[in-house]
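Working notes for the structure below.
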Amino acid sequence: MPDHLRDPGFGSEHPFAIGVEEELFLADPSDGRLLNARERVLDSIADPARGEITGEVHACEIELISGVCRTAGEAVAELSELRRIVLDSGVGLIGSGTHPSADEQRAEVSDRERYRFISEQLGDALVTPVAATHVHIGMPDAETAIRVFNGLRRHLPVLEALAANAPFRHGRDTGFASARELALRAWARSGTPRPMDDYEDFVAYAERLNRAAGIEDYTFHWWKLRPHPALGTVELRALDAQATPAHTASISALVHALARHEADADPIPGPAPEILEESSYRGARAGLDAELPDADGRLTPARDVLAATLELAADAAAELGCTGELGAIEDLVAVGGGAGLQERDAERGGIDAVLEGLLERAKPT
């Protein structure tokens, strides 16, 4: 592939444009059972007018990709239409970081060269398929990309806590708000890299890691957050797939606003890697009920951290036109996030009720 590290695409789109990708599980529409139906679905649908529908590592997942948009609301409106197209093919969709009930032998790896290579690299770490929401924010230049990357690092734990939507896997309650985090900790080149001094520092870091891992390019770095020079964006990858388009829109709007804020803000030293790792673990473990450490290790309730984060993002949200989506985060917090909704369904009717709820919430309104 072209050397996008040395010839990046920053500045090729409108500054601070947004694109959103969501990975969703394919399921039997009657009972939520996982389906390895990627090829059947892709063969049965026409190319959409906007956005893209493609496959993922596992044959039980579909990836929906918005076009380049001005707002999170616009991007998620495109994703909603893509959901409709997939649903019209006769399958069900489940938006969750892990499938709640599929056993370890159910998910098949897709038969594509890239995915076969990933399977060889990760082996049994792929036994649990995971689904995420990825948010891309267009960067006007490389140095702004590094400034935004460094700035967003410290917000990762609260964003993970807010987006936690995977308390169940293999038919059991994991005790985590996001079991997806458990699965990803077995992946190579996951987690969050250190802050970068500048773009050249990032290039040297990525090239050195490519050599060490025996991989051809940085797209095999499965970090929670990364500059993406091929697309000219900073990509946040730490979020569980969301049950509803509205939840996707709200969380994506917050990422968008934080990226815009950090582009012009005075740099604040991020937490040490050990503290950031602990904070991310806590966010995945308890979701919005977590206590998150600050840079000095002092614990603060995640809801208080989120309130301060929303205040920090308010001006940028107004500039970007996503104040309404940001305000809807209150509704998500009120139900305990996606994990809270799944837990509530489980209390009502076990795993069957969890699957029923996820199938219903995946339908665009």
Side-chain angles (χ1 to χ4, degrees), residues 4 18-24 52 54-58 61-66 72 75-76 79 95-98 114-115 118 121-122 125-126 128-139 145-146 148-166 178-196 202 205-206 209 213 215 217-242 247-248 251-256 258-259 262 270 273 276-277 279-281 283-284 338:
H4 293 296
I18 182 172
V20 182
E21 305 165 354
E22 59 177 0
E23 301 160 355
L24 300 171
E52 183 180 357
T54 187
E56 251 300 323
V57 175
H58 289 96
E61 291 183 58
I62 205 84
E63 184 174 19
L64 311 181
I65 305 172
S66 81
V76 175
L79 295 180
S96 178
T98 54
R114 178 182 175 89
Y115 300 144
I118 291 171
Q121 284 249 315
L122 298 182
L126 287 178
T128 300
V130 293
T133 300
H134 296 169
V135 183
H136 288 263
I137 309 299
M139 294 289 113
I146 297 304
V148 170
F149 166 81
N150 288 339
L152 284 176
R153 288 178 75 258
R154 65 190 174 99
H155 299 299
L156 282 173
V158 72
L159 292 169
E160 291 177 88
L162 176 64
N165 182 38
S178 175
R180 175 175 162 272
E181 175 75 6
L182 290 176
L184 285 176
R185 283 174 177 256
W187 287 40
R189 300 175 297 282
S190 58
T192 309
R194 63 166 173 82
M196 302 295 163
F202 164 69
Y205 182 93
L209 183 54
I215 55 179
D217 68 77
Y218 72 91
T219 64
F220 293 96
H221 304 171
W222 297 297
W223 296 330
K224 293 180 177 181
L225 176 70
R226 67 186 183 190
H228 201 324
L231 298 180
T233 68
V234 168
E235 179 189 14
L236 196 144
R237 304 163 47 85
L239 311 174
D240 286 352
Q242 295 300 296
H247 294 170
T248 303
I251 297 171
S252 299
L254 178 56
V255 174
H256 197 188
L258 287 172
E262 294 295 342
L276 184 62
E277 181 77 358
S279 193
S280 284
Y281 181 88

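Because the structure is a prediction, the values reported are computed rather than measured. Residues: numbered from 1 along the sequence shown.
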By side chain to side chain contact (heavy atoms under 4.5 Å, CB included), Pro195 pairs with (sequence neighbours left out) Asn150, Arg153

**Asked** Between Gln121 and Phe220, is any pair of side-chain heavy atoms under 4.5 Å apart?
**Response** no

| query | Can you tell me if Gln242 uses its side chain to pair, donor with acceptor, with the backbone of Ala163 under 3.5 Å? | reply | yes

Sequence neighbours excluded, the answer for salt bridge (Lys or Arg N to Asp or Glu O under 4.0 Å) partners of Glu235 is Arg226, Arg237

Steps toward side-chain contact (heavy atoms from CB on, under 4.5 Å) verdict (Ile137, Leu236) | CA-CA 8 Å; Ile137 309 299; Leu236 196 144; over 6 Å; no

Taken to the nearest 0.5 Å, the spacing of Thr54 OG1 from Glu23 CD works out to 10.5 Å

Applying salt bridge (Lys or Arg N to Asp or Glu O under 4.0 Å) to Glu61 and not counting sequence neighbours gives none

Query raised in the report: Has the side chain of Glu21 got a donor or acceptor atom that lies under 3.5 Å from a matching backbone atom of Ile65?
Result: no

Of all heavy-atom pairs linking Ala164 and Gly283, the shortest is CB-O, 4.5 Å

Hits for side chain to side chain donor-acceptor pair (under 3.5 Å) against Arg185, two or more places apart or cross-chain, chain-then-number order -> Glu181, Glu277

Task: 4.5 Å side-chain heavy-atom contact, Trp222 and Ile118 - done: yes

* Apply side-chain contact (heavy atoms from CB on, under 4.5 Å) to Ile215 and His221, showing your working. => CA-CA 9 Å; Ile215 55 179; His221 304 171; 3.5 Å; yes

inquiry  = Side chains of Glu160 and Ser280: any donor to acceptor distance under 3.5 Å?
reply    = yes

Across all chains, not counting sequence neighbours, the ring-ring contact (aromatic ring centres under 6.0 Å, His included) partners of Tyr115 are none

Query raised in the report: Do Arg114 and Thr219 come within less than 4.5 Å of each other through their side chains, counting heavy atoms only?
Result: yes

ring-ring contact (aromatic ring centres under 6.0 Å, His included) filter on His134, not counting sequence neighbours, yields none

Across all chains, not counting sequence neighbours, the side chain to side chain contact (heavy atoms under 4.5 Å, CB included) partners of Ser190 are Trp187

Residues at least two apart in sequence or cross-chain that pass ring-ring contact (aromatic ring centres under 6.0 Å, His included) with His155, listed by chain then number, are none

Sequence neighbours excluded, the answer for side chain to side chain contact (heavy atoms under 4.5 Å, CB included) partners of Leu231 is His136, His228, Thr233

Hits for salt bridge (Lys or Arg N to Asp or Glu O under 4.0 Å) against Glu56, two or more places apart or cross-chain, chain-then-number order -> none

For side-chain contact (heavy atoms from CB on, under 4.5 Å), just list the numbers for Tyr218 and Leu209, CA-CA rounded to whole Å, side-chain angles, deciding distance to a tenth of an Å, and then say yes or no.
CA-CA 8 Å; Tyr218 72 91; Leu209 183 54; over 6 Å; no

When Asp240, Asn165, Thr98, Thr128 are each screened for side-chain hydrogen bond (donor to acceptor under 3.5 Å, both in side chains) with Arg180, the one that passes is Asp240

Can you find a pair of side-chain heavy atoms, one from Leu159 and one from Leu258, that are under 4.5 Å apart?
yes

CG of Leu24 to OG of Ser96, rounded to nearest 0.5 Å, is 10.0 Å

Applying side chain to side chain contact (heavy atoms under 4.5 Å, CB included) to Ala145 and not counting sequence neighbours gives Phe10, Met139, Val234

Those residues at least two apart in sequence (or on a different chain) that pass ring-ring contact (aromatic ring centres under 6.0 Å, His included) with Phe202 are Tyr199

NE2 (His247) and CG (Leu162) are apart, to the nearest 0.5 Å, by 9.5 Å

Q. Would you say Ser66's side chain and Leu79's backbone share a donor-acceptor pair under 3.5 angstrom?
A. no

The reported gap from CH2 in Trp223 to CG in Leu184 (rounded to nearest 0.5 angstrom) is 15.5 Å

Leu126 backbone acceptor or donor facing His58 side chain under 3.5 Å: yes

Closest heavy-atom pair, Leu152 versus Ala259, reported as atoms and distance to 0.1 Å, is CD2-N, 3.9 Å

CG (Leu239) and OG1 (Thr248) are apart, to the nearest 0.5 Å, by 9.5 Å

